[in-house]
Amino acid sequence: MNPVNYLYLAALLFTIGAAGVLIRRNAIVVFMCVELMLNACNLAFVAFSRLHGNLDGQIIAFFTMVVAAAEVVVGLAIIVSLFRSRHSASVDDASLMKL
Amino acid sequence: MENLIALLVAAPLLGAAVLLCGGRRLDAAGHWLGTLLAAASFVVAAVLFFGMLGRGAEDRALHQTLYTWVPVESFRADLAFQLDQLSMTFVLLITGVGTLIHVYSIGYMEHDERRRRFFGYLNLFLAAMLLLVLADNYLLLYFGWEGVGLASYLLIGFWQHKPSAATAAKKAFLVNRVGDIGLSIAIMLMFTTFGTFAFGPVLATADKASEGTLTAIGLMLLLAACGKSAQVPLQSWLGDAMEGPTPVSALIHAATMVTAGVYLITRSGAIFDAAPTAQTAVVTVGAVTLLFGAIVGCAKDDIKKALAGSTMSQIGYMVLAAGLGPIGYAFAIMHLVTHGFFKAGLFLGAGSVMHGMNDEVDMRKYGGLRAYMPVTFVTFGLGYLAIIGFPGLSGFWSKDKIIEAAFAKGGTEGWILGAVTLLGAGITAYYMTRVMIMTFFGEKRWQPAPDPHRAPDVEPAAADDGRHLAAGPVGSPAAEGPAGHPAGELPDPHESPRSMTVPMIVLAFGSVFAGGLFSINSAFVHWLEPVTRFEHGHPPVSAAVITTATLVVLLAGAGLAYAQYGRRPVPVTAPRGSLLTRAARRDLLQDDFNHVVLVRGGEHLTRSLVYVDHTLVDGVVNGTAASVGGLSGRLRKLQNGYARSYAVSMFGGTAVLIAATLLMRAV
């Protein structure tokens, strides 16, 4: 199978993720969309690794997974504490960071 | 021998330190200590003088280096003294007249509770003045120059409780500062030109520098001399300086400090000789001041201010002579010394009159005092004859030589200068005769009751005039009115105590004989010749003609004054007078000129600067701040707090960056 098709899939997944981040209000969904974008990147890295015939892309994909795991820990903690204090998981409700 | 030189300065300096730091426990003995140390300095000067006479003319100059004051690479200033014939002349004059005036002040300041401080300041002045004339380089001279300025400031404002005295002191200080800038620039120019500012190397190699540089140095030195010696255009402080106690006027503002400018010009003779333009400027300043001071002196009713105008005029003579070059230097110094005697004597006489007249200074309220103050009358009279140049007295010998030298300058310039000096001699005779007649002759104008506001509750007994008072040479030991503090009594003319009359008598001897002694075989000129050089000037007409012309002018001036003031009663309130008289009463509008040109000009300048500052500078600064503020007000609307909108901008930014990168690749 042509590896370029994996790149199309990665672009599609990234676009879906980005659109989700921009459009959805629920923090959990936004969060999941971020993960989707990360995984789209991973897919692209692995595809490029195959295309170029070396392992650099695969190694970076592992790094991305580690970073994503750490991000999940911190991100979910923030969302949980946000929900506890505001009883809502909408990102638009947390709009206090302005002048 | 040369180790004694430092003692000259050290003695009065020690006196100043002890008296000013010693506190009240020295009040009782302070004046004796001050006088003693001044006298000690005079004794050292006399020892050095006789030692100098014992050596040949060529090796008379002594040199003493104490230590290197400022050792920085090639910038080297020594604390070193140079005692040559010129310095010796000044040292003798300063310590001699200074000691006499210390003695005089014991009596004059007897009732002043701050007498100790007064003597401390006087000693400080002596130390600074001696440093000025003994310095062997211009930087040390500058130190002494500032020192005498400080002492002058402190002493003019000695009665600081009087606003007029405090203002006069500030005025003198400020005007002197203008001159001092000239001296400091001259020293800087010397350093850049010659690499040093010691007298020896600078004056020896002066003619090797370019004429433009020398002219600049000369003009700056002249500016300095104008400030210190009250020459036009920096003359305005001297009249007001008369607010100080009279001994101060006699010592600082007549005999010594104000002649420092003449010393500076004579000392720097080699520079001026090589810069004819600067020399012409010196002569012009001297000639203008000579007439300026004389005209002011004619119109003043305040005895001290009349004498101050006279001082200005006589220093004009000296500056003029110093500007003539080697034909005039020696005569400038000779006139300086004789002037030191007779002008100090005249001021002490004026102080004695004021002392006896309850500090009245208006000559229109004097009159007929010769019977009440015989010693003052005789000594003042001798000083008067000396200053107008009465044949045989000091002023005759010195002033006549200056007039001759002015004619000897040659050409049209010589005729103009000669005419100015002759005219000055006539005006001198006029105003001094006027002072003499108004003070000592004529009817008593002080006998009628004085101003009611001055003595509202006076006892009738005191109104009885001074008949019952001692009229002899020695009055009551303690003078009635404390000097400087009007007691609010009627004038009781009386002779001053002996501590005041003795210095006046000594100075009168100097006024009579000094000029004659100096002129025997031209002794004074030969004495100074190794330092100042001397060329015999050849006036276009014979000396006898000039002397005769001087005497004629002198008689005319004195006669005119006699006709105006001796033969008619002198009105107690001054008549309105002609336009010139009124201008001269206002010091020929010098203060008005300064006010209009300098004060107003300065105000306009600062006002326009403030305007530029407010509109232009502040405009730029405030404009920048306002535009940044407005811009950021717009920009902050982007910060709406919604995480999703931030995400959009991030995506947008990334998209733009990628697009730009791709575009660059494509190109």
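Residue numbers start from 1 in every chain, and the chains themselves are labelled A, B, ... in the order their sequence lines are given, proteins ahead of strands. Atoms considered below: every heavy atom in the structure, side chains included; atoms not considered: hydrogens, waters and symmetry mates. All of these numbers come straight from a predicted model, not from anything done at the bench.
Figure legend: A:R50 and A:Y6 shown without cation-pi pairing, the cationic atom not lying both under 6.0 angstrom from the six-membered ring centre and within 45 degrees of its axis.
More than 12 heavy atoms of other residues, nucleotides or ligands sit less than 6.0 Å from atom CZ of B:F75. For B:Y153, the OH atom counts as loosely surrounded, since its 6.0 Å shell holds 12 or fewer non-hydrogen atoms of other residues, nucleotides or ligands.
Listed by sequence position, B:V648, B:F651 are the residues of residues 648-661 of chain B in contact with chain A, using a 4.5 angstrom heavy-atom cutoff. Close approach to chain B, defined as a heavy atom under 4.5 Å from one of its heavy atoms, is seen in A:R25, A:M37 of residues 25-45 of chain A, taken by number.
For B:T192 (side chain) and B:M188 (main-chain N/O), a donor-acceptor pair under 3.5 Å exists by modelled atom type. Between the side chain of B:W237 and the backbone N or O of B:K228 there is no donor-acceptor pair closer than 3.5 Å. For the pair B:N137 (side chain) and B:L140 (backbone), a donor-acceptor distance under 3.5 Å is present.
The CE atom of B:M190 sits 12.0 Å away from the CD1 atom of B:I185 when rounded to the nearest 0.5 Å.
For the set A:D92, A:V91, A:D93, the count of heavy-atom pairs under 4.5 angstrom toward chain B peaks at A:D92.
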Run the side-chain donor-acceptor check on residues 164-180 of chain B: report pairs under 3.5 Å with partners two or more places apart or on a different chain.
residue: B:S164; atom: OG; partner: B:E243; partner atom: OE1; Å: 3.2
residue: B:T167; atom: OG1; partner: B:P163; partner atom: O; Å: 2.7
residue: B:K171; atom: NZ; partner: B:S236; partner atom: O; Å: 3.4
residue: B:K171; atom: NZ; partner: B:D240; partner atom: OD2; Å: 2.6
residue: B:K171; atom: NZ; partner: B:D591; partner atom: OD1; Å: 2.8
residue: B:K171; atom: NZ; partner: B:D591; partner atom: OD2; Å: 3.3
residue: B:N176; atom: ND2; partner: B:A172; partner atom: O; Å: 3.0
residue: B:R177; atom: NH2; partner: B:E146; partner atom: OE1; Å: 2.5
residue: B:R177; atom: NH2; partner: B:D180; partner atom: OD2; Å: 2.5
residue: B:D180; atom: OD1; partner: B:W145; partner atom: NE1; Å: 2.8

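The aromatic rings of A:F83 and A:H87 stand perpendicular to each other, their planes meeting at an angle above 60°, with 30° marking the opposite boundary.
Applying the side chain to side chain donor-acceptor pair (under 3.5 Å) rule to pairs touching residues 618-629 of chain B yields nothing, sequence neighbours excluded.
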